[in-house]
Amino acid sequence: IYDSVQSKNITLEDIFISVKTTKHYQYTRLPIILKTWFQLAKDQIWFFTDTENRQHQNQTNGHMVNTNCSASHQRKHLCCKMSVEYDHFLESGKKWFCHFDDDNYVNIPRLVSILQNYNHQEDWYLGRTSVYEPVKIYKKPTNKLMFSFWFATGGAGFCISRSLALKMLPVASGGRFISICEGIRLPDDVSMGFIIEHLMKKNLTLVPEFHSHLEQMKLLIPETFRDQISFSYGKAKDEWNVVNVPGFDTRYDPTRFLSLHCFLFPHFKFCPR
Ligand code: UDP
Ligand code: MN
C-alpha cells in the first residue's frame with residue numbers, strides 16, 4: 001500500500017527531464033522548446049549541449065549543460081551526451097529519468113500522469129520501439145545468434161526509474177556508458193536497450209504515447225493529442241513530417257509545435273485569443 005501511495009504521489013518535481021541538443025540547432029530547434037514546453041517545467045528540464053551560450057544560460061536559469069562532447073552526429077559523441085545525461089540524473093536524486101531529443105514536443109502534464117502508473121522503486125524502462133524485430137547480435141565468424149534485445153527509440157523519448165538506473169550504475173556510470181557504446185558499436189539509444197534488456201535482464205515496457213518522426217505525425221488525431229506524451233517533426237527532402245494541427249501559418253510555424261502548444265494550452269501568453 002505504501003509503495004502504491006508513493007507512486008501515485010509522483011509530481012513534476014520527481015522527474016529529471018533531459019534534452020539532447022547541439023550547437024548546430026541552438027537557433028532553430030532550441031528556441032521553439034524554450035518558448036513552449038520548457039515554460040511548463042523550467043526547474044526539471046536540463047539541456048545537454050556542446051557549446052556555450054550566455055543568452056540561453058540566462059533564459060534557462062543555468063540549465064544548459066555543456067557536456068564537452070564533440071558537436072557531431074557520430075556515435076561516440078552522441079553516446080558521450082547520453083552518458084552525461086545519465087550521470088546528471090544520478091546526481092539529481094530524482095525518481096525518474098526521462099530523455100528527449102530537441103525535435104520533440106513533450107506534453108508535460110501527460111508525462112507526469114503516465115509515470116504515476118509505475119512505481120519508481122521498481123525497475124522500469126518505458127518507451128516506444130520503431131523496429132519490427134529486436135536487435136540481433138551474431139557471433140563471428142560462425143554467424144550464430146548470440147542474443148537479441150529491444151530498445152526504446154531515443155527520438156521518441158524514454159523514461160527509466162531510479163531503481164533501474166541505480167542497478168545500471170556499475171556498468172554505465174562515470175562515463176562507462178561510452179565504453180559500452182564503443183564496445184558494441186551501436187547508437188546511444190540502442191546501447192541503452194542493450195544495457196537494460198541484455199545486461200540488466202529487464203524488459204522494455206511499450207508506452208505508445210511516445211512518438212518520433214519515424215512515424216507519420218499527421219496520423220495522430222487532434223482528439224488524442226492530450227493523451228500523447230511526445231511529438232516530433234522531420235523534414236525529408238522538401239516534405240515536412242509534422243503534426244496536423246490547426247493554428248499559426250505554416251511559414252511562421254513550420255514545425256507546428258507553436259500551434260500544438262496553443263492547442264493544448266490555449267491560454268498561453270503567445271496564443272491567439
Ligand atoms: N545531435 C547532436 N549532435 C549532432 C547532431 C544531432 O547532439 O551533431 C542531437 C540532436 O540535437 C537531436 C538528436 O541528436 O537531439 C537527433 O538528431 P537529429 O534529429 O538531427 O537526427 P535523427 O537521428 O533524428 O535523424
Ligand atoms: Mn530527429
Side-chain angles (χ1 to χ4, degrees), residues 16-38 41 44-53 56-57 59-60 63-89 97-107 111 127-131 135 151-160 175 177-178 181-182 185-194 210-220 228-243 254-257 260:
F16 180 89
I17 301 172
S18 70
V19 180
K20 179 168 65 178
T21 186
T22 184
K23 184 179 179 176
H24 184 66
Y25 295 136
Q26 63 181 328
Y27 298 120
T28 49
R29 295 182 179 189
L30 189 63
I32 301 173
I33 299 179
L34 294 180
K35 191 171 177 175
T36 58
W37 59 278
F38 174 73
Q44 288 72 37
I45 298 169
W46 295 84
F47 295 95
F48 293 82
T49 188
D50 42 41
T51 188
E52 296 287 347
N53 185 316
H56 289 153
Q57 208 54 274
Q59 273 178 281
T60 62
H63 280 221
M64 303 294 307
V65 179
N66 185 352
T67 58
N68 292 316
C69 302
S70 303
S72 100
H73 203 60
Q74 287 173 51
R75 179 187 63 239
K76 195 200 275 178
H77 306 135
L78 295 181
C79 285
C80 174
K81 274 188 195 139
M82 182 66 77
S83 181
V84 177
E85 290 175 44
Y86 168 72
D87 283 340
H88 274 251
F89 164 69
F97 169 35
C98 297
H99 158 94
F100 295 94
D101 277 358
D102 60 5
D103 51 3
N104 283 133
Y105 178 95
V106 182
N107 183 8
L111 176 67
R128 172 186 190 110
T129 59
S130 302
V131 285
V135 179
F151 69 96
T153 302
F158 59 80
C159 297
I160 296 172
F177 183 85
I178 307 173
C181 274
E182 284 304 289
R185 311 203 147 265
L186 290 170
D188 52 352
D189 53 355
V190 186
S191 298
M192 193 60 89
F194 167 77
F210 288 100
H211 301 282
S212 78
H213 56 68
L214 296 172
E215 300 164 55
Q216 280 200 65
M217 286 298 112
K218 66 176 181 214
L219 297 181
L220 292 172
Q228 311 306 326
I229 297 175
S230 61
F231 303 82
S232 190
Y233 58 82
K235 198 183 177 188
K237 295 191 189 116
D238 285 333
E239 242 193 289
W240 281 92
N241 174 12
V242 290
V243 175
T255 70
R256 309 313 289 150
F257 278 7
L260 177 60

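In what follows, every heavy atom counts, from backbone to side chain, and hydrogens, waters and symmetry copies are set aside. Every number for a ligand or one of its atoms is a count from 1 in the order of the listing. Here, residue 1 is the first one in the sequence, and each next residue gets the next number.
- In this structure, the separation between CZ on F100 and OH on Y105 is 12.0 Å, given to the nearest 0.5 Å.
- Under a 3.5 Å cut-off, the side chain of H77 and the backbone N or O of S72 do not form any donor-acceptor pair.
- At a heavy-atom cutoff of 4.0 Å, ligand 1 is contacted by no atom of H77, backbone or side chain.
- Using a distance-only test at 3.5 Å, with no hydrogens or angles considered, a donor-acceptor pair links the side chain of D189 to the main chain of G154.
- For the residues T67, L78, D103, D102, the heavy atom positioned nearest atom 12 (C) of ligand 1 is part of D102.
- Less than 4.0 angstrom separates some heavy atom of S72 from each of these atoms of ligand 1: 3 (N), 4 (C), 8 (O).
- Q57 contributes a side-chain N or O that, together with a main-chain N or O of M64, makes up a donor-acceptor pair within less than 3.5 Å.
- When the N, O or S atoms of D103 are ranked by distance to the Mn ion (ligand 2), OD2 comes first.
- Ring centroids of F47 and H56 are separated by 6.0 Å or more, keeping the two rings apart.
- Close approach to Y25 involves these atoms of ligand 1, each under 4.0 Å from a residue heavy atom: 10 (C), 11 (O), 20 (O).
- When atom types are taken as modelled, the side chain of K20 and the backbone of G155 share no donor-acceptor pair closer than 3.5 angstrom.
- Protein heavy atom in closest approach to atom 24 (O) of ligand 1: H213 NE2, 3.0 Å.
- With ligand atoms numbered from 1 in the order given, ligand 1 contributes 7 (O), 11 (O) to contacts under 4.0 Å with heavy atoms of T21.
- Here the side chain of W37 pairs a donor or acceptor atom with the backbone of N104 at under 3.5 angstrom.
- A salt bridge links D103 to R29: at least one charged side-chain nitrogen sits closer than 4.0 Å to a carboxylate oxygen.
- Annotation: D50 places no N or O atom under 3.5 Å from an N or O atom of ligand 1; distance criterion only.
- Listed by atom number, the atoms of ligand 1 under 4.0 Å from K81 heavy atoms are 2 (C), 3 (N), 7 (O).
- Using a non-hydrogen distance threshold of 4.0 Å, Q74 does not register as a contact of ligand 1.
- The protein non-hydrogen atom at the shortest distance from atom 16 (C) of ligand 1 is D101 OD2, 3.4 Å.
- A heavy-atom separation below 4.0 Å is not found between G155 and ligand 1.
- For atom 14 (O) of ligand 1, the closest non-hydrogen atom of the protein is K20 CE, 3.3 Å.
- For ligand 1, the atoms closer than 4.0 angstrom to any heavy atom of R29 are 12 (C), 18 (P), 19 (O), 20 (O).
- Remark: side-chain polar atoms of T67 are paired, donor with acceptor, to backbone N or O of T49 under 3.5 angstrom.
- When ring centroids are compared, Y233 and H213 stay outside the 6.0 Å threshold.
- Scanning the protein heavy atoms around atom 21 (O) of ligand 1, the nearest turns out to be H73 CE1, 3.6 Å.
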